[in-house]
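The structure appears below as structure tokens.
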Amino acid sequence: MPTTVKAYAATSATEPLTPFELQRRDVGPKDVRIDIKFAGICHSDIHTARSEWGPATYPVVVGHEIAGIVAEVGSEVTKFSVGDRVGVGCMVDSCGECKNCLAGDEQFCLEGNVGTYNSVGKDGEPTHGGYSQAIVVTERFVCGIPEGIGLDVAAPLLCAGITTYSPLKQWGAGPGKKVAVVGLGGLGHMAVKIAHALGAEVTVLSQSLKKQEDGLRLGADHYHATSDPETFKALRGRFDLIINTVSAMLDFDAYLSLLDVHGAMVNVGLPEKPLSLRMFSVVMGNKSFAGSNIGGIRQTQEMLDFCAEHGIGSDVEVIAADQVNEAYERVLASDVRYRFVIDTSTL
């Protein structure tokens, strides 16, 4: 029979999240049931809960930064055993057969991947995420969390970690490369840590210098305030790669001027309004203006292994479940360093 678990859910776009009970499906032959220990709060959760990226199907339990312990496995599961430390990110299923799935890019499944929440599973039922006590996920979409990373600091790696690791790897961050990270928030602080561990020379570009001490502690070699016009003059043509982690409307022409010839500015933030830039900013220098969307399951496991090898976890503030609405307001006010994580034992 399905299992009833406690959760926190959004019931409308305007009401606070409230306690909720949901049904998790029976464990099928290829399924893994996970007792969730920690769930990170991503800005995407807030957008979804408030129907800011399109209408949500209410009630919805959000959360796609999930870390926990395997509680049960199906008869055909081969990768995991009861007691294993595991994580689940932004996806819980895909067709598994299209060219993108076969290439390890399930996020671009041609039939559409099944999101961890506010999506519809292959059983026709709505999916619910990590602000809950347990979840049942097909084995292919479960990743192992290596020993050496606490489950609380590992949870945000399942979104913030892979969202920044993937473009850093694709665009060749490493020794001899100069990488700039725009913004030092939940995504930005992970980009700094990972780029530093990859061996790149790392610069943080932030509105002010108020987080400079943090940035240098996290692995940045340099830190500059973008509110100072001299910054754009001094750094012109300096970087091989810029990772933009913010969703604010920027002067993209100014940031593109900071790239060296053949450099790339890769965006992982999602502004709500259309962007504007001059094509001269990319053509004159053979520059690239690109985007990046999480990573596939294989690369997510690679990222987790890399983070364990280099002692990388997210900087977190662990909260009780009944603090989630306060945490949402603090995220919107940029009052967190650098990721809220819900202790699901408090549900």
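Predicted, not measured: the structure shown is a model, and the values here were computed from it.
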- Rounded to the nearest 0.5 Å, how far apart are NZ of Lys177 and CG of Leu241? 9.0 Å
- So, the side chain of Asp221 versus the backbone of Val202: is there a donor-acceptor pair under 3.5 Å, distance only? yes
- Message: Could you check whether atom CZ of Arg236 has more than 12 heavy atoms from other residues, nucleotides or ligands sitting under 6.0 Å from it?
- Response: no
- Query: Quick one: CG on Leu332 to CZ on Arg50, what's the gap to the nearest 0.5 Å?
  - Reply: 5.5 Å
- Message: Does atom CD (Glu139) have a neighbourhood of more than 12 heavy atoms from anything else shown, all under 6.0 Å?
- Response: yes
- Tightest non-hydrogen contact, residues Ala10 and Leu17, listed as N-CG, 3.9 Å
- Determine whether Gln170 and Pro167 make a side-chain contact, defined as any pair of heavy atoms from C-beta on separated by less than 4.5 Å. no
- Using the side-chain contact (heavy atoms from CB on, under 4.5 Å) rule, pick out the option among Glu302, Met91, Arg140, Gln107 that qualifies with Ile297. Met91
- Main-chain N/O of Val182 paired to Thr245 side chain as donor or acceptor, under 3.5 Å: yes
- Task: Report, as yes or no, whether the 6.0 Å neighbourhood of atom CD on Glu213 holds more than 12 heavy atoms from other residues, nucleotides or ligands.
- Result: no
- Checking side-chain contact (heavy atoms from CB on, under 4.5 Å) for the pair Asn244/Val181: CA distance, chi angles, key distance, verdict? CA-CA 6 Å; Asn244 176 25; Val181 176; over 6 Å; no
- Do Ile342 and Val324 come within less than 4.5 Å of each other through their side chains, counting heavy atoms only? yes
- Message: Using the rule that Ile, Leu, Val, Met, Phe, Trp and Tyr join whenever any side-chain heavy atoms are under 4.5 Å apart, tell me whether Trp171 and Leu258 fall into a single cluster.
- Response: no
- Query: Just by modelled atom types, is the Ala254 backbone N or O under 3.5 Å from a matching donor or acceptor in the Asp251 side chain?
  - Reply: yes
- Message: Does either side chain, that of Ser132 or that of Tyr8, offer a donor lying less than 3.5 Å from an acceptor on the other one?
- Response: no
- Message: Would you say Ile162 ends up clustered with Met190 if hydrophobic residues are merged whenever their side chains have heavy atoms under 4.5 Å apart, either directly or through other cluster members?
- Response: yes
- Message: Using the rule side-chain contact (heavy atoms from CB on, under 4.5 Å), only one of Val92, Asp31, Val86 pairs with Val137; which is it?
- Response: Val92
- To the nearest 0.5 Å, tell me how far Leu235 CG sits from Leu259 CG. 11.5 Å
- Do you know the tightest heavy-atom contact between Gln133 and Leu347? N-CD1, 3.7 Å
- Item | Candidates Arg337, Arg339, Arg330 - the one meeting side-chain hydrogen bond (donor to acceptor under 3.5 Å, both in side chains) with Glu317 | Arg330
- Message: Within this structure, what is the CG-CD distance for the pair Leu250 and Gln207, rounded to the nearest 0.5 Å?
- Response: 8.5 Å
- Item | Minimum heavy-atom distance Val204-Ala220, with the two atoms named | CG2-CB, 3.8 Å
- Item | Test item: Gln323 and Thr346 side chains (from C-beta on) under 4.5 Å apart, heavy atoms | no
- Which heavy atom of Ala200 sits nearest a heavy atom of Val179, and at what distance? CB-CG2, 3.7 Å
- Taking C-beta and beyond as the side chain, do Asn293 and Phe108 meet within less than 4.5 Å on heavy atoms? yes
- Side-chain donor or acceptor of Thr344 paired with backbone N/O of Ile36 under 3.5 Å: yes
- Task: Verify whether one side chain among Ser281 and Asp253 offers a donor that lies under 3.5 Å from an acceptor in the other.
- Result: yes
- Val62 backbone acceptor or donor facing Asp45 side chain under 3.5 Å: no
- Message: Whether the side chain of Asp240 engages the backbone of Lys178 through a donor-acceptor N/O pair (distance < 3.5 Å, no angle test) should be reported.
- Response: yes
- Pair Asp305-Gln301, side-chain donor/acceptor within less than 3.5 Å: yes
- So, does Ser119 use its side chain to make a donor-acceptor pair with the main chain of Val114 at under 3.5 Å? no
- Please check if any side-chain donor atom of Ser166 sits under 3.5 Å from a side-chain acceptor atom of Gln299, or the reverse. yes
- Message: Under the criterion side-chain contact (heavy atoms from CB on, under 4.5 Å), I'd like the reasoning laid out for Leu151 against Arg85: C-alpha separation, chi angles, the key distance, then a yes or no.
- Response: CA-CA 8 Å; Leu151 292 179; Arg85 296 154 41 90; 3.9 Å; yes
- Message: Phe80: which residues meet the ring pair (Phe, Tyr, Trp, His ring centres under 6.0 Å) condition with it, sequence neighbours left out?
- Response: none
- Task: For this output row, return yes or no: ring centroids of Phe306 and Tyr165 closer than 6.0 angstrom.
- Result: yes
- Query: Is a side-chain N or O of Arg24 found less than 3.5 angstrom from the main chain of Val5, in a donor-acceptor match?
  - Reply: no
- Reported NE2-to-NE2 distance for the pair His310 and His196, which is rounded to 0.5 angstrom: 10.0 Å
- Query: So, do His262 and Lys287 sit near enough that their side-chain heavy atoms are less than 4.5 Å apart?
  - Reply: no
- Item | Lys/Arg N to Asp/Glu carboxylate O, Glu201 vs Arg238, below 4.0 Å | yes
- Message: Test side-chain contact (heavy atoms from CB on, under 4.5 Å) on Asn113 and Asp93; report intermediate values, then the result.
- Response: CA-CA 6 Å; Asn113 71 69; Asp93 213 342; over 6 Å; no
- Query: Which pair of non-hydrogen atoms, one from Ser206 and one from Tyr223, has the smallest distance, and what is that distance?
  - Reply: CB-OH, 3.4 Å
- Message: Do Thr163 and Ser292 have side chains that approach each other closer than 4.5 Å (heavy atoms only, starting at C-beta)?
- Response: no
- Got a donor-acceptor contact below 3.5 angstrom from the Asp343 side chain to the Ile319 backbone? no
- Message: Any heavy-atom pair between the side chains of Met303 and Leu157 that's under 4.5 Å?
- Response: yes
- Exercise: identify the closest heavy-atom pair between Pro156 and Val316: CG-CG1, 4.0 Å
- Do the side chain of Lys273 and the main chain of Met249 share a donor and acceptor less than 3.5 angstrom apart? no
- Query: Using 30° and 60° as the class limits, which term best fits the ring planes of His64 and Tyr117: parallel, tilted or perpendicular?
  - Reply: parallel
- Examine Phe340 together with Tyr328 and report whether their ring centres are nearer than 6.0 Å. no
- Task: Using a 4.5 Å cut-off on heavy atoms from C-beta on, say whether the side chain of Lys37 contacts that of Ile69.
- Result: yes
- Query: Between Arg217 and Asp315, is there a side-chain N and carboxylate O pair less than 4.0 Å apart?
  - Reply: yes
- Task: Begin from the C-alpha positions of Ser247 and His43 and carry the test side-chain hydrogen bond (donor to acceptor under 3.5 Å, both in side chains) through to its verdict.
- Result: CA-CA 10 Å; Ser247 296; His43 206 143; over 6 Å; no
- Item | Within 6.0 Å of CD in Glu111, more than 12 heavy atoms from elsewhere | no
- Query: Any luck finding a side-chain donor-acceptor pair between Thr203 and His224 under 3.5 Å?
  - Reply: no
- Thr4 and Gln23: side-chain hydrogen bond (donor to acceptor under 3.5 Å, both in side chains), yes or no, with the steps? CA-CA 5 Å; Thr4 301; Gln23 301 292 313; 2.6 Å; yes
- Message: As an exercise, state the distance from CG of Leu158 to OG of Ser314, rounded to the nearest 0.5 Å.
- Response: 11.5 Å
